Asker: 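First the structure, which I've put down as structure tokens, then a few questions once you've had a look.
Predicted model only: the values in this text are computed from it and were never measured. Letters A, B, ... mirror the listed sequences (proteins, then strands); counts begin at 1.
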Number of protein chains: 2
Amino acid sequence: MLVATLADVARRAGVSTATVSRIINNSPKPVADALRERVLAAVAELDYVPNANAQQLARADRTAVGVIVHDVSDPYFAEITRGLQRVATEHGRLVIICNSYRDPERELAYVDLLHAHRTAAVVLTGSGYIDPATTARLDHKLRLFEATGGRVAVIGRHEHAGDAIVPENEHGGWLAGDALYRLGHTSIGVIAGPAHLTTTADRLTGLHRAAHDHGHNLTTRHIEYAGFDRNGGHAAAAILLNRNPGLTAIAALNDSMAVGALALLRERGLEVPAQISLIGFDDMPISVDVTPPLSTVRLPLEEIGARAMSLALREDGTDPQVEHVAAHLVLRASTAPPR
Amino acid sequence: MLVATLADVARRAGVSTATVSRIINNSPKPVADALRERVLAAVAELDYVPNANAQQLARADRTAVGVIVHDVSDPYFAEITRGLQRVATEHGRLVIICNSYRDPERELAYVDLLHAHRTAAVVLTGSGYIDPATTARLDHKLRLFEATGGRVAVIGRHEHAGDAIVPENEHGGWLAGDALYRLGHTSIGVIAGPAHLTTTADRLTGLHRAAHDHGHNLTTRHIEYAGFDRNGGHAAAAILLNRNPGLTAIAALNDSMAVGALALLRERGLEVPAQISLIGFDDMPISVDVTPPLSTVRLPLEEIGARAMSLALREDGTDPQVEHVAAHLVLRASTAPPR
DNA sequence: GCCTGCCAGGAAAGCGCTTACCTAAGGGGA
DNA sequence: TCCCCTTAGGTAAGCGCTTTCCTGGCAGGC
């Protein structure tokens with residue numbers, strides 16, 4: 001039960017703790033080879049593992065990086081997280097992943113927690129909340145964290161602390177809408193994400209703009225809000241279909257929901273895209289494996305994660321940076337002109 | 001840049017650090033309300049956030065839990081991780097997720113790192129390595145960690161430290177094989193995972209046993225090893241098909257590979273299951289969304305994660321426990337008798 | 001009115017490290 | 001030969017907390 005400490009190692013090797021510390025951290029200070037070996041032997045014999053908390057405290061340096069995501073098991077975040085991790089690992093950083101499960105309070109609590117642990121940076125991924133009070137509190141906490149020497153990077157959010165990676169959600173929404181209108185669709189249903197998320201709002205804005213550009217109008221009866229997952233898409237598609245008999249196309253604000261919608265369409269015996277077109281968003285891996293493969297708006301998720309981490313980890317003290325990431329239309333087989 | 005410390009708060013409130021500490025941790029020791037308010041006000045004014053490293057050091061308690069997975073962005077681990085996280089959160093624990101990317105050295109390094117951070121527990125998920133040297137080193141490190149008061153839980157591995165959740169991989173393999181033979185298939189190709197992983201070996205053993213039980217034999221020409229992902233399955237299916245013209249069924253050792261195989265089969269114009277049957281493993285979410293929906297062997301991934309975390313977090317000092325998790329056959333539309 | 005007992009609050013000793021500073025010994029130059 | 005400089009290694013002062021133990025003041029009992 002008892003853990004070997006630096007002092008134990010020093011005692012065993014017959015040297016001072018300073019020497020042991022220097023050897024372990026191979027500090028530039030030269031140490032006689034004989035001593036070094038004695039110490040290393042003692043370390044091995046005692047199975048000594050330094051106490052990282054004590055090290056952090058004494059050194060006052062920041063090593064780990066905290067990442068707050070809505071839910072790692074969601075493929076969207078899984079992709080981003082992979083990019084995040086890759087770059088962090090390249091920099092030799094440990095990543096602490098925290099799932100907020102889209103709960104603003106939990107998100108706030110995690111920021112405090114990462115702050116308390118004096119992580120080098122916190123990366124906040126995924127949609128923010130439209131509620132201004134929450135945003136303000138979060139902003140405040142982030143600034144505080146920065147003020148104490150931590151770095152902040154946000155992905156696809158409207159908070160204005162630290163670096164930011166901003167995917168072109170609005171333009172992406174426009175791309176999806178434009179593609180559909182261009183094909184000749186006029187009655188389009190939209191499966192939106194949760195109404196209180198900025199990502200939902202941004203993508204929807206793009207869709208509205210596309211409608212307007214084509215001389216159409218997206219009314220509330222053509223929009224259904226749902227959870228950003230398969231089940232949400234499934235349920236919303238059913239509602240949309242019941243409410244709008246003439247629907248010839250559905251735009252889902254992410255691919256998971258599109259997959260859910262696709263399942264419902266199949267259940268209803270509707271041919272995609274012959275009878276109804278479907279377009280997703282994000283270009284998640286699954287979109288090529290469903291039948292038909294999904295047309296979608298591609299966001300380079302892994303790259304977004306990687307860039308965010310690069311920003312968060314850069315050493316130069318330059319000002320906060322904002323990088324935009326372009327969305328691209330990916331046409332596959334789920335869209336076609338209405339018949 | 002300067003962080004407020006306990007001492008700053010104490011000074012500002014005109015009390016000792018002891019009092020502040022007691023108030024902040026609301027220790028049982030009673031404190032006059034007036035003082036408490038003064039201190040809380042000072043905390044708010046200074047935006048004080050306790051230094052978690054110092055707290056850990058002083059308290060010598062263990063709070064966070066470390067989780068080592070192969071890759072969180074892999075749906076298999078994403079599911080498990082979700083269960084892990086859920087339970088950890090219920091216990092108010094912070095989870096540190098580490099991706100080993102199937103590199104034994106990295107895995108070893110992470111165990112050290114979590115040990116160094118004095119996490120309350122480390123949970124090791126996913127297949128272990130067949131190489132005995134690696135296993136022994138890992139075993140040693142885990143035991144060491146336990147000896148210093150940490151808990152260990154492993155999921156689906158053969159290391160023998162701490163608690164263990166063992167999914168019935170072998171029986172699952174048998175179920176898949178048995179189902180196929182029972183349908184009348186005799187020439188079955190197997191898409192296996194990486195050869196050095198125990199999970200691959202275990203599932204394969206079950207398949208061999210099923211073959212044997214039905215009076216057949218699985219030869220090396222019917223087995224192709226690949227990466228546990230979609231691309232691996234795609235490539236392996238091609239090889240298998242070329243090598244065995246008479247193949248009437250393919251068993252993939254996980255669903256991701258099965259999805260890859262399905263894509264290849266479609267490319268080759270082979271109807272599933274009319275011309276060739278396909279069965280997966282794990283029952284990942286995607287398996288219901290491909291066409292045809294995949295027959296597979298279900299492992300309750302989220303539950304496995306949850307149970308592992310429960311074991312790792314239990315307070316009673318009981319002996320290490322081993323819990324087995326049953327695999328179940330899920331027949332969907334990708335399997336049928338050979339024609 | 002004095003002594004005892006209780007209680008709120010403070011002083012200080014760590015927790016396990018790192019590191020600035022100091023010491024002692026050895027080597028080289030004059 | 002003597003002195004000074006270099007250098008390997010040690011001493012000890014923190015890092016920011018927690019917690020044990022102690023103190024001083026007050027109320028109550030005799």
Asker: Choose from D/dT19, C/dT19, D/dG14 the nucleotide whose nearest atom is closest to any side-chain atom of B/Ser21.
Answerer: D/dT19
Asker: Please tell me which of the listed nucleotides, D/dC17, D/dA8, D/dC21, lies nearest to the side chain of B/Lys29?
Answerer: D/dC21
Asker: Quickly work out the B/Leu46 CG to D/dG16 C1' distance and round it to whole Å.
Answerer: 15 Å
Asker: Which is it for A/Glu107 and A/Arg157 under the salt bridge (Lys or Arg N to Asp or Glu O under 4.0 Å) test, yes or no, and what are the steps along the way?
Answerer: CA-CA 13 Å; A/Glu107 204 169 72; A/Arg157 293 184 151 248; 2.5 Å; yes
Asker: Walk me through whether B/Arg151 and B/Arg62 qualify under side chain to side chain contact (heavy atoms under 4.5 Å, CB included).
Answerer: CA-CA 10 Å; B/Arg151 302 205 63 114; B/Arg62 296 161 168 270; over 6 Å; no
Asker: Find the bend of the helix from C/dG1-D/dC30 to C/dA30-D/dT1 as the angle between its two terminal axes (five pairs each), to the nearest 10°.
Answerer: 60°
Asker: Go nucleotide by nucleotide along DNA chain C from the 5' end; which of B/Thr19 and B/Arg118 gets its closest nucleotide reached first?
Answerer: B/Thr19
Asker: What is the distance, rounded to the nearest whole Å, between atom CG of B/Asn25 and atom P of D/dG16?
Answerer: 17 Å
Asker: If I take atom OG1 from residue B/Thr134 and atom CD from residue B/Glu105, how far apart are they, to the nearest 0.5 angstrom?
Answerer: 6.5 Å
Asker: Between the side chains of A/Lys141 and A/Asp112, is the shortest nitrogen-to-carboxylate-oxygen separation below 4.0 Å, so that they form an ion pair?
Answerer: yes
Asker: Can you tell which of C/dG16, C/dA11, D/dT18 lies closest to the side chain of B/Arg59?
Answerer: D/dT18
Asker: NE2/A/His115 to CD/A/Glu146 distance, rounded to the nearest 0.5 angstrom?
Answerer: 11.0 Å
Asker: For A/Glu37 and D/dA8, give me the distance from atom CD to atom P, rounded to whole Å.
Answerer: 16 Å
Asker: Any chance you could lay out the salt bridge (Lys or Arg N to Asp or Glu O under 4.0 Å) test for A/Arg86 and A/Glu303, step after step, and finish with the verdict?
Answerer: CA-CA 10 Å; A/Arg86 177 164 61 72; A/Glu303 184 198 331; over 6 Å; no
Asker: What I want to check is whether an N or O donor and acceptor connect the side chain of B/Arg22 with the base of C/dG10 at under 3.5 Å.
Answerer: yes
Asker: Keeping the roles fixed (side chain from A/His158, backbone from A/Gly128), state whether a donor-acceptor pair exists under 3.5 Å.
Answerer: no
Asker: So does B/Thr5 get a side-chain nitrogen or oxygen closer than 4.0 Å to the phosphate oxygens (OP1/OP2) of D/dG16?
Answerer: no
Asker: Tell me which nucleotide among D/dT11, D/dG9, D/dA8 gets nearest to the side chain of A/Ala18.
Answerer: D/dT11
Asker: Would you kindly give the CG-to-P distance between B/Leu6 and C/dG9, to the nearest whole Å?
Answerer: 16 Å
Asker: Measure the distance from CG on A/Asn53 to P on D/dG16 and round it to the nearest whole Å.
Answerer: 15 Å
Asker: From CG of A/Asn26 over to C1' of C/dT18, roughly how many Å is that when rounded to an integer?
Answerer: 14 Å
Asker: So if I take every side-chain heavy atom of B/Val15 and compare against C/dT18, D/dG16, C/dG10, which nucleotide ends up nearest?
Answerer: C/dG10
Asker: Does A/Gln55 make a side-chain N or O approach to OP1 or OP2 of C/dG16 shorter than 4.0 Å?
Answerer: no
Asker: Can you identify which nucleotide, out of D/dG16, D/dC17, C/dG9, has its nearest atom closest to the B/Val31 side chain?
Answerer: C/dG9
Asker: Between C/dA8, C/dG10, C/dC17, which nucleotide gets closest to the side-chain atoms of B/Ala32?
Answerer: C/dA8
Asker: I need the CG-P distance between A/Leu57 and C/dG14, as an integer number of Å.
Answerer: 17 Å
Asker: Once rounded to the nearest 0.5 Å, what's the spacing between atom CG of B/Leu84 and atom CZ of B/Arg307?
Answerer: 13.5 Å
Asker: Ignoring backbone atoms, test whether A/Gln56 places a side-chain nitrogen or oxygen under 4.0 Å from the OP1 or OP2 oxygen of D/dC15.
Answerer: no
Asker: Between atom CG in A/Asp61 and atom P in D/dG16, what is the gap in whole Å?
Answerer: 13 Å
